[in-house]
Structure formats: structure tokens, C-alpha cells
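Indexing begins at 1, ligand by ligand and atom by atom, following the structure's order.
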Amino acid sequence: MSDCLFCKIVAGQIPSRCLYEDDELIAFHDIHPHAPVHFLVVPKQHISTMSDVDARHAALLGKMMVLGAKLAGEQGCAVRTDEAGKTVGGFKLLFNTGPDGGQEVYHLHLHVIGGPRPWRSGN
Ligand code: 5GP
Ligand code: ZN
């Protein structure tokens, strides 16, 4: 999709702060983070929204979530027990979908949002 922002990032035509890349997926930091950690996991294939996926995309979506959680851990957001025995850490995995879902970029992406609170209001 020549006019798609994330296709341009995938193609390297627009720079991004890349965290991870393989044949199918790329992950990069969000340009307007909502929290101390906020990055996007994006399939290289252009899919517009979660309303466009079907059972053939199940493996790809699974890979996106597994990668998002792994990278969240690498960014310091893993759920863990602190020295006082309290459960700390954690993150959100979020697919905004369509106008009512608050989607602004129509190339499928998984938001991974975490880090110490407070976060930007609304999250
Ligand atoms: P949506 O609202 O579509 O779920 O989220 C799109 C996200 O893409 C937003 O959080 C926005 O900050 C981010 N974004 C928009 N343009 C760019 C860009 O050029 N580079 C990066 N890294 N993120 C972007
Ligand atoms: Zn695209």
C-alpha cells in the first residue's frame, strides 16, 4: 500500500526506533508514547484492521502477541515479585479497531503499553 504510513516504515522509507524485525513482523517505539514503555508490533503484510482478519491469520496474530509480551519483558515490564513479595510490573496489549475503536493508522498493529504508572490519562 503506497500511501500507508506503516507500510512505509516497514519499507524503511520512514525512520523508526526499531526494537525487532524478522520476515513477518517489525516492532518499533510509538512516536507519541502513552506510558514509559509504548511500542507497536506490526505485521509486514498490509492488513487494515482486526475486522479484516480470519482464521488464516491466527498464527500471525499469535506471533504478534508472543513477541509483544517477550519484548515487554525485555523493556522491563515483566510481571514479577519484588523483594517485599508484592506482584509488580505488567503491560497492556491493545488492538484499536476502526473509528469507534480509536484506530488512526489503518495498518494492523498491536500496542504494547507498560512501565511504572502514572500513564497518560485515559490509559
Ligand atoms: P492507533 O490509534 O491507530 O491504534 O495508533 C497509531 C499509533 O501510531 C499512535 O499511537 C501514534 O502515536 C503512532 N504513530 C503515528 N505515526 C507514527 C510514526 O510516524 N512513527 C511511529 N513510530 N509511530 C507513529
Ligand atoms: Zn500498510
Side-chain angles (χ1 to χ4, degrees):
M1 291 273 289
S2 57
D3 60 345
C4 169
L5 176 64
F6 286 176
C7 280
K8 288 180 180 166
I9 288 178
V10 166
Q13 293 162 0
I14 293 177
S16 69
R17 290 173 55 220
C18 186
L19 280 166
Y20 176 88
E21 183 170 10
D22 66 20
D23 288 347
E24 285 183 300
L25 302 177
I26 186 168
F28 51 85
H29 291 283
D30 196 291
I31 205 165
H32 293 127
H34 288 219
V37 173
H38 185 177
F39 61 89
L40 306 172
V41 179
V42 178
K44 290 189 169 179
Q45 173 190 359
H46 182 91
I47 302 165
S48 294
T49 82
M50 278 298 287
S51 287
D52 299 301
V53 308
D54 60 32
R56 289 169 296 183
H57 300 105
L60 179 69
L61 293 167
K63 284 181 188 173
M64 290 173 70
M65 287 188 279
V66 170
L67 178 65
K70 177 173 182 277
L71 294 176
E74 291 175 9
Q75 296 292 306
C77 300
V79 177
R80 58 202 182 272
T81 305
D82 73 8
E83 49 292 343
K86 186 180 169 199
T87 303
V88 297
F91 50 88
K92 289 191 185 195
L93 300 177
L94 181 69
F95 286 99
N96 292 332
T97 304
D100 289 346
Q103 186 173 3
E104 292 176 0
V105 177
Y106 279 77
H107 180 132
L108 192 74
H109 51 281
L110 174 63
H111 289 263
V112 184
I113 305 170
R117 288 180 178 267
W119 297 352
R120 219 161 84 183
S121 62
N123 291 280

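Closest approach of Asn123 and Trp119 over heavy atoms only: O-CE3, 3.5 Å.
The option with the heavy atom closest to atom 24 (C) of ligand 1, from among Val42, Thr97, Ile31, is Ile31. With atom 13 (C) of ligand 1 as the reference point, the heavy atom nearest to it among Asp30, Val105, Ile113 is part of Asp30.
Screening Glu21, Glu24, His107 against Lys44 for a side-chain contact (heavy atoms from CB on, under 4.5 Å) leaves a single residue, Glu21. Residue Pro43 forms a side-chain contact (heavy atoms from CB on, under 4.5 Å) with just one option from Leu25, Leu61, Leu110, Ile26, and that option is Leu25.
Close contacts between ligand 1 and Asn96 involve ligand atoms 1 (P), 2 (O), 4 (O) [criterion: under 4.0 Å to a heavy atom]. The distance from ligand 1 to the heavy atoms of Gly102 drops below 4.0 Å at these ligand atoms: 2 (O). Listed by number with element, the atoms of ligand 1 under 4.0 angstrom from any heavy atom of Leu40 are 8 (O). Interface of Phe6 with ligand 1, defined as ligand atoms under 4.0 Å from a residue heavy atom, comprises 8 (O). With ligand atoms numbered from 1 in the order given, ligand 1 contributes 12 (O) to contacts under 4.0 Å with heavy atoms of His32.
In this structure, the side chain of Gln103 engages the main chain of Ser48 through a donor-acceptor pair within 3.5 Å. Side-chain N or O atoms of Ser51 include none that pairs as donor or acceptor with a backbone N or O of Thr49 at under 3.5 Å. With His109 contributing its side chain and Phe39 its backbone, the two residues share no donor-acceptor pair below 3.5 Å. Listed for the Lys92 side chain is no donor-acceptor partner under 3.5 Å among the backbone atoms of His111.
The ND1 atom of His46 and the SG atom of Cys7 subtend an angle of 110° at the Zn ion (ligand 2), given to the nearest 10 degrees. Expressed to the nearest 10°, the angle at the Zn ion (ligand 2) joining SG in Cys4 with ND1 in His107 is 110°.
Of the protein's heavy atoms, Leu5 CD2, 3.2 Å lies nearest to atom 16 (N) of ligand 1. Shortest contact from atom 22 (N) of ligand 1 to any protein heavy atom: His29 O, 3.0 Å.
Counting heavy atoms under 4.0 Å from ligand 1, residue Phe28 touches it through the side chain alone. Under 4.0 angstrom from ligand 1, the non-hydrogen atoms of His111 all belong to its side chain. Under 4.0 angstrom from ligand 1, there are no non-hydrogen atoms of Phe95.
Residue Arg117 places its CZ atom among more than 12 non-hydrogen atoms of other residues, nucleotides or ligands, all under 6.0 Å distant. By the neighbour-count criterion of 12 heavy atoms within 6.0 Å, atom CG of Asp22 is densely surrounded, having more than that number from other residues, nucleotides or ligands. Few gaps surround CG on Asp54; more than 12 heavy atoms of other groups in view lie less than 6.0 Å from it.
The closest approach between any non-hydrogen atom of His109 and ligand 1 is below 4.0 Å.
Backbone and side-chain nitrogen or oxygen atoms of Glu104 are examined, and one is located within less than 3.5 angstrom of a nitrogen or oxygen of ligand 1.
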